[in-house]
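Here's the structure we're looking at; comments come further down.
Just so it is clear, the model here is predicted, and its values are computed rather than measured.
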Amino acid sequence: MKYDFNEIIDRRNTNALNTDGFRSYIFHAGPEKKFPYKDEEFVRMWVADMEFATPPEICSAIKDRVEKRIFGYTMVFDDRYYNALNNWCKEKYDWEFDKEELTFSPGIIPALYQLSETLLAPEEKILFVTPAYGFFKHAATYNEASMVFSKLKKENGHFEIDFDDFAKKASDPMVKLVFWCNPHNPSGRVWTRDELEKIAKIIENNNLWVISDEIHCDLLRNGKKHIPLGKVMPDYNKLITCMSASKTFNIAGLMFSNIIIRNVDLRNKFKERDKTIGFVNPLSLAAHTAAYEKCDEWLQELKSYLDNNMIFLKEYLDKNLPDAIFEIPEATYLAWVDLSRCLPEIEDMASFFANKAGVLLEGGDDLFVDNAQGYIRLNLAMPKSIIETGLNRMTEAINKYNKNV
């Protein structure tokens, strides 16, 4: 391989959420919270950024921009970035969009907050399938919107949409907005064209707004293909598509996302709501342009490495924790594992593994939304050696606990 995904990089003293912010994020606590492990002893398998080095092509593009030596107010004035992103979309998904539809946000999460506030009147509702990413709930709560959950059906680790339930809940006249996740986080499902067409029909029949979070769209298992909701709904004017290179190329800290808004009035409101919308960080712009122009080879090697990590996890669980329920996800570098049969009495999985195994992870209904109790989410975007250490610790902690129960 051209790129080294086995390298272990020390992230301490970089103000990384991954290393320094886990107490507040996972445990809602400050530095006073103590564990049987030192911070540097934890195996960190939690937040969705990678332990891999950002592609050297991106680092080089940032360095080249730094050499310009001035970092004044920056907006996207030429076509280079749009062409890079649009060409990527055409090549990868056989889909494209008009340049005027492209807006920017520091992240998809801030966009969810802002768009929900713009689109919803008091007491109107947001519909999404569950389990769901925690910030879907936070965006709704922030805007005092009611939430309607449609539980995914699950069997042996595989998740399917309950279309009858989704249609029934979408028909509620107070439901005005759908948060859609494509590919799905945390299950890792890549929705098929048939599934997307059924969801699209329900959305259109009820004249709903839909925000499609597609941030994981390039992190697919080899052989899988992402289908943007916008490709299935080519003329639907109430669709917003959210994408970013941040997850795919490990540049989340650069705070740059593509918010593709078809509706002209909503697009204008989105820009007017915050006068900083449209301004971008010049280093972020350079990085994201380089990602789409120069980093396809890196991505292909990354996907193969992640595929192997997923296979390793599956084989490890089958051998050492056969009561765990896990299906290799079709997308993302995140494994959604049901440990309810391994630890039936444990409600707070994150606390258990932090204290008993020295492993940081996320899971359950506290960190995800509904239909998630008994599950953990493991980040596998790291050298295999670290994953193996974490799994060995977790297995030892589970076996010790069950022996003493």
Side-chain angles (χ1 to χ4, degrees), residues 73-79 81-83 85-86 89 93 95-128 135-136 138-148 169-182 196-197 199-215 217 228-244 255-280 285 288:
Y73 291 117
T74 302
M75 301 181 79
V76 179
F77 294 108
D78 59 27
D79 290 341
Y81 178 73
Y82 165 74
N83 289 337
L85 172 59
N86 199 46
C89 290
Y93 331 126
W95 175 70
E96 57 186 309
F97 58 91
D98 293 336
K99 180 184 176 183
E100 60 265 23
E101 296 176 3
L102 180 60
T103 67
F104 303 100
S105 171
I108 292 176
I109 292 169
L112 289 177
Y113 278 65
Q114 182 177 330
L115 288 165
S116 300
E117 182 179 39
T118 302
L119 293 172
L120 295 174
E123 300 184 5
E124 290 183 334
K125 301 175 182 179
I126 303 173
L127 168 63
F128 46 94
F135 274 95
F136 282 12
H138 300 330
T141 302
Y142 175 81
N143 287 296
E144 300 182 347
S146 297
M147 290 171 286
V148 180
K169 290 172 176 174
S171 67
D172 180 343
M174 292 303 291
V175 169
K176 301 295 183 182
L177 171 63
V178 173
F179 283 166
W180 188 247
C181 198
N182 177 33
L196 291 171
E197 287 176 347
I199 287 295
K201 184 176 180 180
I202 294 168
I203 290 170
E204 291 175 346
N205 287 345
N206 291 281
N207 194 32
L208 303 177
W209 287 97
V210 55
I211 302 174
S212 186
D213 174 1
E214 305 193 7
I215 197 169
C217 61
L229 189 58
K231 184 176 179 179
V232 176
M233 308 176 77
D235 302 313
Y236 193 64
N237 195 41
K238 298 178 76 171
L239 167 70
I240 304 102
T241 303
C242 302
M243 292 178 164
S244 178
M255 306 303 290
F256 184 98
S257 294
N258 310 301
I259 313 299
I260 302 165
I261 304 175
R262 287 177 174 169
N263 185 281
V264 175
D265 290 339
L266 178 62
R267 192 160 66 236
N268 290 336
K269 289 178 182 177
F270 184 73
K271 294 177 180 179
E272 292 169 1
R273 170 66 176 75
D274 182 346
K275 294 303 182 184
T276 65
I277 292 292
F279 287 93
V280 298
L285 179 60
H288 280 68

With sequence neighbours excluded, what pairs up with [X] under the side chain to side chain donor-acceptor pair (under 3.5 Å) test?
| X | result |
| --- | --- |
| K125 | D172 |
| K201 | none |
| S212 | E214 |

With a 4.5 Å heavy-atom cut-off, do [X] and [Y] have their side chains touching?
| X | Y | result |
| --- | --- | --- |
| M147 | T141 | yes |
| P228 | T241 | no |
| Y81 | V280 | no |
| N207 | Y236 | yes |
| S146 | M174 | no |

Over 60° means perpendicular and under 30° means parallel, so tell me whether F136 and F179 are parallel, tilted or perpendicular.
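Because their plane-to-plane angle lies in the 30° to 60° range, the rings of F136 and F179 count as tilted.
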Return the orientation label for the Y82 and F97 ring planes: parallel under 30°, perpendicular over 60°, tilted otherwise.
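Correct class here is perpendicular.
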Which residue, L115, L119, V210, forms the side chain to side chain contact (heavy atoms under 4.5 Å, CB included) with L177?
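Answer to the side chain to side chain contact (heavy atoms under 4.5 Å, CB included) test with L177 among L115, L119, V210: L119.
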Measure the spacing between [atom1] of [X] and [atom2] of [Y] and express it to the nearest 0.5 Å.
| X | Y | atom1 | atom2 | value |
| --- | --- | --- | --- | --- |
| L127 | K169 | CG | NZ | 8.0 Å |
| I126 | K176 | CD1 | NZ | 13.0 Å |
| E96 | E101 | CD | CD | 10.5 Å |
| S244 | I215 | OG | CD1 | 5.0 Å |
| E100 | R262 | CD | CZ | 12.0 Å |
| N143 | Q114 | CG | CD | 10.0 Å |

What's the shortest heavy-atom distance between [X] and [Y], and which atoms?
| X | Y | value |
| --- | --- | --- |
| P110 | S105 | CB-OG, 3.9 Å |
| F270 | F104 | CE2-O, 3.8 Å |
| L120 | A145 | CD1-CB, 3.7 Å |
| F256 | H288 | O-NE2, 3.3 Å |
| L229 | N182 | N-ND2, 3.7 Å |
| Y113 | F135 | OH-CD2, 3.8 Å |

Is it true that a side-chain atom of [X] and a backbone atom of [Y] form a donor plus acceptor pair closer than 3.5 Å?
| X | Y | result |
| --- | --- | --- |
| S171 | N206 | no |
| N258 | I260 | no |
| T103 | I259 | yes |
| R267 | I261 | yes |

E144, CD: over 12 other non-hydrogen atoms inside 6.0 angstrom:
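No, because the 6.0 Å sphere around CD of E144 holds 12 heavy atoms or fewer from other groups.
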